[in-house]
Amino acid sequence: MSSTKKNWPKLPLGIRLLIAAHSMSVDAFSRYDGSSVNRRLMNLFDPKASPSRKPDNGVVSSDIVVDTTRKLWFRLYSNTTTAGKMSIPILVYFHGGGFAYMAANSMNYDDLCKRLAREIPAVVVSVNYRLSPEHRYPSQYEDGFDVLKFIDNPDFEGFSAFGNTDTSSKKAFFIAGDSAGGNLAHHVALKACQHQFSRLKLHGVIALQPFFGGEERTESELKLVGAPLISVKRTDWMWKAFLPHGCNRDHHVVNVFGPNSVDISDLPFPPTLVFIGGFDPLQDWQRKYVEGLNKSGKHVYKIEYPNAFHGFYAFPQLPDTSLLMAEIKNFVLKQLDQ
């Protein structure tokens, strides 16, 4: 039996209106066959934030271009209160949006990354990767890994003013992301853990309600019909727009521990923190991900918030968002102590 609205957690009117506007724009401005998104109209519902040269509650930001030919860039967030005082970790962040929507400078993600830079504290690298369906798999994964190689290059001096100045030891970094960005975090980390970086060392993965799936319909997908932001219809469209033509949802980048999955048992995949929400239709796939990491012999930590919907962390006023921030900080500090 499907869930009804009366069972959902009560949300402030402002949040409900924002969710409704986003859901409407995604459905209205995306072709049903997964072939295109009306970017001009979609951008009206996705306000952008400029980088902050002046400190915003102790955080400054700037945009760094990696490759002009594919418009690959990232927004660099630095905590000015820690400048020169300590060596702080790097957090490479991938935004969500089903691989097809949002950007590193979307206002919600700008606010989220500022908060991460401030509260961990960390130097945050928020990647603006190419979007589907204009750019299908593996474009997004290529962009993510190329950013890692870019910041690993000794010619990049973006971290020098904010700790991490000891050239004798490698800089600690984490790979994080939410929703589709959580999927990206996993796959980029898979490649990163097999790569020899010159000045970076991967310490962990942080996945906020990661976007995984498969041909199977899970209990949560069938039960949570009408849940905020996420529906089977929308996720089917996102996978269709993302995957190469002719592929189904049991592709190994979608169903990461499914019938076509890659065995990661012998890979040095880092400890992983996974957040799951009780009102997220994707929660069963996220639990399968945790189970798959466990069976592969990897360290994985699961945090569940029973009343959280998909994307709750975009709303700082929600209590679970503050809890999530504290858990991320604790995870980062724990891994740095290992």
Side-chain angles (χ1 to χ4, degrees), residues 1-12 15 19 91 93-94 96 98 108 112 115-116 119-120 174-186 189 204-214 216-232 235 254-258 269-335:
M1 183 178 294
S2 64
S3 175
T4 59
K5 290 185 177 181
K6 67 181 180 180
N7 302 125
W8 299 349
K10 293 183 178 179
L11 299 173
I15 293 179
I19 290 173
L91 183 76
Y93 194 88
F94 296 105
N108 282 343
L112 178 63
R115 188 169 182 181
L116 289 167
E119 295 190 17
I120 292 177
F174 294 78
I175 301 177
D178 69 284
S179 194
N183 177 297
L184 268 165
H186 170 81
V205 173
I206 302 167
L208 285 63
Q209 299 179 296
F211 184 26
F212 298 117
E216 171 194 356
R217 295 301 188 199
T218 65
E219 181 181 350
S220 60
E221 286 176 314
L222 296 174
K223 179 181 178 182
L224 295 171
V225 175
L229 287 177
I230 288 291
S231 68
V232 168
T235 57
V254 182
N255 194 348
V256 292
F257 291 108
F269 195 79
T272 303
L273 176 64
V274 182
F275 291 95
I276 299 173
F279 284 87
D280 183 357
L282 298 175
Q283 62 185 274
D284 285 345
W285 289 113
Q286 293 153 7
R287 292 193 184 96
K288 288 176 183 286
Y289 175 59
V290 171
E291 180 183 357
L293 289 175
N294 271 319
K295 288 183 176 179
S296 299
K298 309 308 173 188
H299 294 290
V300 57
Y301 307 90
K302 179 181 67 172
I303 304 293
E304 296 204 35
Y305 298 122
N307 292 319
F309 57 91
H310 193 82
F312 71 93
Y313 39 80
F315 302 97
Q317 63 270 49
L318 295 178
D320 283 343
T321 302
S322 294
L323 296 175
L324 174 141
M325 287 291 169
E327 292 288 356
I328 292 176
K329 179 176 182 176
N330 290 338
F331 174 76
V332 167
L333 293 177
K334 180 179 178 180
Q335 299 314 311

Checklist entry - Would V332 and I206 count as a side-chain contact (heavy atoms from CB on, under 4.5 Å) if you check the C-alpha gap in whole Å, the side-chain angles of each, and the deciding distance to 0.1 Å? => result CA-CA 9 Å; V332 167; I206 302 167; 4.1 Å; yes
Item to check | Closest heavy-atom pair and its distance - Q209, G311 | outcome: OE1-N, 2.9 Å
Checklist outcome for this item: Between the OG1 atom in T218 and the CG atom in L282, the distance rounded to the nearest 0.5 Å is 8.0 Å
Item to check | Between CG on residue L273 and CG on residue N330, distance to nearest 0.5 Å | outcome: 9.5 Å
Next on the checklist: Between F309 and I15, is the side-chain contact (heavy atoms from CB on, under 4.5 Å) condition met? List the steps.
Outcome noted: CA-CA 12 Å; F309 57 91; I15 293 179; 4.2 Å; yes
Item to check | Under-4.0 Å salt bridge between E216 and K288 | outcome: yes
Item to check | Separation of F331 CZ from F174 CZ (nearest 0.5 Å) | outcome: 6.0 Å
Next on the checklist: Tell me every residue that passes ring-ring contact (aromatic ring centres under 6.0 Å, His included) with H310, counting only those two or more places apart in sequence or in another chain.
Outcome noted: none
Item to check | Point-to-point distance, once rounded to the nearest 0.5 Å, from CZ of F275 to CG of D280 | outcome: 13.5 Å
Checklist entry - At their closest point, which heavy atom of P210 faces which heavy atom of V274, and how far apart are they? => result CD-CG1, 4.1 Å
Checklist entry - If you look at every heavy atom in Y301 and P271, which pair is closest and at what distance? => result CE1-CB, 4.3 Å
Item to check | Value rounded to 0.5 Å, distance of CH2 in W285 from CG in N255 | outcome: 4.5 Å
Next on the checklist: Classify the ring geometry of H186 against F269: parallel below 30°, tilted from 30° to 60°, perpendicular beyond 60°.
Outcome noted: tilted
Checklist entry - So, does T272 use its side chain to make a donor-acceptor pair with the main chain of P270 at under 3.5 Å? => result yes
Item to check | Step-by-step side-chain contact (heavy atoms from CB on, under 4.5 Å) determination, D284 to E221 | outcome: CA-CA 8 Å; D284 285 345; E221 286 176 314; over 6 Å; no
Next on the checklist: Do the side chains of R115 and E119 get close enough for a salt bridge, i.e. N-O under 4.0 angstrom?
Outcome noted: yes
Checklist entry - Crowded around Q317 CD? As in, over 12 foreign heavy atoms under 6.0 Å? => result yes
Checklist entry - Run the side-chain contact (heavy atoms from CB on, under 4.5 Å) check on F315 and I19 step by step: do they pass? => result CA-CA 11 Å; F315 302 97; I19 290 173; 4.1 Å; yes
Next on the checklist: To check you understand the geometry: which heavy-atom pair defines the closest contact between P281 and S220, and what is its length?
Outcome noted: O-OG, 2.7 Å
Next on the checklist: Run the ring-ring contact (aromatic ring centres under 6.0 Å, His included) test against F257 and tell me which residues pass, sequence neighbours left out.
Outcome noted: none
Checklist entry - Sub-3.5 Å donor-acceptor pair from the side chain of Q283 to the main-chain atoms of G278, do we have one? => result yes
Checklist outcome for this item: Of all heavy-atom pairs linking S322 and P316, the shortest is OG-O, 4.5 Å
Item to check | Listed partners of Y305 passing ring-ring contact (aromatic ring centres under 6.0 Å, His included), at least two apart | outcome: F312
Checklist outcome for this item: Scanning both residues in full, the closest heavy-atom pair of L208 with Y93 reads CD2-OH, 4.1 Å
Checklist outcome for this item: dist D178:CG -> N183:CG (nearest 0.5 Å) comes out at 11.5 Å
